[in-house]
Amino acid sequence: MTYDPKTIEPKWQAFWDEKQTFKVEMEAGKPKIYVLDMFPYPSGAGLHVGHPEGYTATDIFCRYKRMRGVNVLHPMGWDAYGLPAERYAMRTGVHPAVTTKQNIDTFRSQIKRLGFSYDWSREISTTDPAYVKWTQWIFLKLYEKGLAYQTEAAVNWCPALSTVLANEEVKDGKYVETGDPVEKRYMKQWMLRITAYADRLLEDLDMLDWPEGVKAMQRNWIGRSEGAEVTFKIADSDKDFMVYTTRPDTLWGATYCVLAPEHALVKHITAPDRVADVESYKAKVAALSDHERTEDAKTKTGVFTGAYAVNPVNGAKIPVWIADYVLVSYGTGAIMAVPAHDQRDHDFARTFNLPIVQVVSAPEGFDVQAAAWDGDGKAMNSPLIDGLDVDAAKTKIIAWLEEKSLGKGRVQTRLRDWLFSRQRYWGEPFPLIHLNDGSIVPLPADSLPILPPELDDYRPTPDGQPPLARAQDWLNTKDPATGAPALRETNTMPQWAGSCWYYLRFIDPHNDKMLIDPEKEKYWMPVDLYVGGAEHAVLHLLYARFWHKVLYDIGVVSTKEPFQKLFNQGMILAFSYRDAQGRYFEPERVVSKDGKHIADDNVEVSQQIEKMSKSRFNVVNPDDVVDEFGADSMRLYEMFMGPLDVTKPWQTAGVAGVRRFIERAWRIVCNDDGVVIKDRIVDEAPDAAATRLMHTTVRIVTEDIEALRFNTAISRLMEFVNALTPMPLRPRICVENLILLMSPFTPHVAEELWEKLGHSETIAYALWPSFDPDLAKPAEREYAVQINGKMRHKVLADAELDAVALMTVVKADPKVAELLAGKTMVKEIAVPGRLVNFVVRD
RNA sequence: GCGGACGUGGCGAAACUGGUAGACGCAAGGGACUUAAAAUCCCUCGGGCUAUGCCCUUGCGGGUUCGAUUCCCGCCGUCCGCACCA
């Protein structure tokens with residue numbers, strides 16, 4: 001039998017399952033590592049090639065760590081609440097739980113076909129009642145701590161679907177899946193006070209080993225800024241309003257103020273003759289979607305209210321306008337406008353002919369009437385602070401404002417509280433009831449979980465209540481403490497809820513007494529390596545950090561942060577082909593000749609690299625790849641494509657290449673009948689060259705795996721195989737080390753060959769090969785000889801020469817003497833282990 | 001506009017701390033074996049030239065250096081995130 005993944009892969013998968021090879025328990029004193037994949041949403045479409053990329057990487061890392069004697073926690077589960085199953089239920093009446101179970105079964109079997117070393121005894125789904133119970137328990141803790149509250153909030157309402165959508169489901173004012181328009185509606189919503197943790201979420205980023213880009217995105221999302229709040233009085237009135245500014249040093253340059261159109265003060269200060277204009281502007285702005293409001297951001301619009309504010313630093317009366325470039329949701333919803341030093345204010349002032357007064361010195365020749373100067377400079381036209389640099393001026397003016405009770409220093413964040421409720425069926429219900437007097441009663445922890453009731457119809461009620469309101473028996477309940485009649489909360493939690501803490505439950509998945517056993521938590525936490533797509537850079541990772549910090553504050557967890565190291569795998573794209581009209585062609589119909597791509601022998605098409613999608617005919621299904629090449633080839637190819645973190649295109653021909661490599665490795669051990677070629681695997685020490693290559697390979701593969709550089713590790717394994725193949729007699733130590741090094745990458749074939757070599761135990765816990773750095777060094781090496789930095793010659797010499805000896809040896813080479821003849825030596829440089837460079841003149 | 005990543009053969013890529021650019025693989029071409037094909041094995045494979053050698057080449061233009069894919073400055077381009085955040 002030649003190499004046949006179709007028989008050996010199911011064999012070893014069944015073996016690992018039966019023996020529970022990868023089941024793991026806490027072992028005090030044994031080093032641990034917790035390696036986590038971002039668990040998938042089990043969609044109806046099944047796995048795509050992007051999923052196994054990250055899963056293969058973590059699997060290699062885990063298998064390697066086990067062979068080094070580390071206790072490895074490597075679990076998998078399902079983020080199973082979500083909109084698609086609910087939409088499917090609306091169309092077909094099939095309960096989302098049924099759809100979800102089917103999809104989970106599909107995902108599990110697809111994942112198992114790839115031979116990942118998960119501890120399946122820890123599998124969880126966010127929809128399991130035993131899991132929902134603790135998600136709701138965490139909500140009760142949030143509520144107890146005052147971190148959950150209700151408010152009127154704008155939501156994305158999709159009339160076509162008569163439901164609310166999450167922000168992330170809306171792009172450019174449309175539902176991303178169907179393209180139906182989405183509008184804003186105000187509804188009572190549950191919010192989580194994530195802003196209370198803004199400072200800690202920002203500061204603690206510094207202690208994490210995360211990609212800089214992700215940290216930057218989170219910092220940007222939190223958007224901390226330092227400035228001041230300043231009170232402006234309305235002239236000839238007892239009313240006033242506060243503005244937020246990061247440039248209090250420019251107060252003397254404030255020539256007008258702007259309120260957000262929705263600002264509560266607007267209706268109280270608008271002059272009678274301005275009411276019509278103001279009202280019509282407000283109506284116009286309210287009708288715009290967020291997208292429309294920002295798409296033409298450069299053109300400023302607004303109207304004058306007829307009211308004047310008093311500039312607190314100089315008593316100047318300045319007009320108060322309303323304009324949509326001021327957002328009611330940020331800062332105080334009101335600004336002082338300094339057109340000389342803020343480009344937006346400048347644009348507005350030019351449009352409406354408002355004065356521009358310079359109060360910070362700009363570089364020579366810079367005209368603030370033409371453009372705003374927002375850089376550094378000395379304060380001017382500002383009596384209290386003239387001559388000071390921006391920072392000093394800010395400090396001084398803030399102190400002055402505080403002394404006069406006109407304002408105070410203030411830190412502002414862009415981060416908003418988290419809109420936490422959805423008007424959906426397939427999510428965790430809130431464990432709360434509403435009494436007739438309007439009060440809210442949290443349900444006791446021992447009544448959890450509160451599961452969604454059975455329904456025939458998953459749509460919202462005709463009067464716009466969430467679907468849960470259809471279940472009258474469920475809806476009408478009693479206060480467990482007093483017996484008073486009560487209504488259940490009908491909102492459900494967003495999909496993020498379950499994914500905010502799943503990494504904790506994997507540590508203690510079957511505990512029905514508490515969320516997690518503190519002893520186990522202390523042993524396994526934090527997650528040492530977390531691998532997933534960059535699309536979760538902000539939301540999931542920020543939400544989970546927030547919950548984790550709350551759990552830290554109430555003593556449930558012992559670490560400040562959940563995920564110590566984060567790694568984003570790059571997206572896998574694919575080639576697609578389309579003609580001049582933009583029609584896509586299946587890649588099988590396209591041939592390339594003379595650098596052109598021709599479809600159906602007559603249409604010239606262009607080749608591009610794009611995201612996989614059905615409409616582009618470029619989707620690659622992992623099942624097909626496994627069927628054709630085997631799981632080991634699939635795993636190996638995904639890791640060989642390029643660095644783990646970059647975006648890269650799938651090329652099926654490349655899978656054949658790694659499959660050939662596996663076959664060559666197979667033939668080092670077996671003949672074409674699958675019989676071990678005993679007479680060629682000898683118990684003899686390898687010669688010097690083979691020893692060196694073996695130790696070098698072990699060294700580099702080990703280092704590469706530690707650094708998650710799997711593509712170069714695989715190259716090294718290929719070189720090792722290429723060297724072993726032509727050897728008539730192969731030292732057993734080389735062959736066995738090869739199989740050991742390959743086993744994290746291609747575990748099935750490695751188990752099979754390990755067994756054929758006479759081992760009765762699984763390779764999964766075999767000892768990882770060690771290397772001797774001295775034996776990895778070559779005795780001789782080629783040194784480059786450069787003249788004026790250009791490569792001219794090579795000299796073979798002892799690899800360990802120091803600079804002086806190297807120079808002597810090189811100069812003794814007749815060819816070098818010839819090259820240097822007739823030249824004047826300017827400088828000689830010898831770099832041990834590398835090269836010699838002669839700088840010469842003619 | 002702000003923030004982040006990146007740009008190397010026909011293609012995916014490699015090059016550790018500034019030291020022989022293109023490892024490894026794909027595709028292509030040639031050869032061996034075969035009645036033939038597949039498979040396998042061997043060879044060639046960045047471009048150019050007046051070819052035992054020489055010149056050019058890591059997006060473009062400068063700079064630092066004995067030496068730059070790597071460091072610095074300025075452009076051009078691609079991808080990702082955020083975006084009227086005061």
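As the structure is a prediction and not an experimental result, all values here were calculated from the model. Heavy atoms only: backbone and side chains are in, while hydrogens, waters and symmetry mates are out.
Going from the P atom of B:rC54 to that of B:rA5 covers 41 Å, rounded to whole Å. Going from the C1' atom of B:rG19 to that of B:rU70 covers 11 Å, rounded to whole Å. B:rC66 sits 15 Å from B:rU20 when the C1' atoms are compared, rounded to a whole Å.
The phosphate of B:rA23 has neither OP1 nor OP2 within less than 4.0 Å of any side-chain N or O from A:N722. Considering only side-chain N and O atoms, A:Y330 lies under 4.0 angstrom from the phosphate OP1 or OP2 of B:rA86. Look at A:R660 and you'll find a side-chain N or O under 4.0 angstrom from OP1 or OP2 of B:rC26. OP1 or OP2 of B:rC56 lies within a sub-4.0 Å distance of a side-chain N or O belonging to A:K790. For A:R792 and B:rC55, the shortest distance from a side-chain N or O to OP1 or OP2 is below 4.0 Å.
Whole-Å rounding puts the A:M718 CE to B:rG12 P distance at 17 Å.
Residue-level contact check: A:K794 touches the bases, meaning some heavy atom is under 4.0 Å from a base atom. Note on A:E828: nothing from the nucleic acid sits closer than 4.0 angstrom, heavy atoms only. Contacts of A:G223 with the nucleic acid, taken as non-hydrogen atoms under 4.0 Å apart, are absent. Nucleic acid contact for A:Q786: base, since at least one base atom lies under 4.0 Å from a heavy atom of the residue.
For A:A784, the listed nucleotide lying nearest its side chain is B:rU20; candidates were B:rU20, B:rC41, B:rA14.
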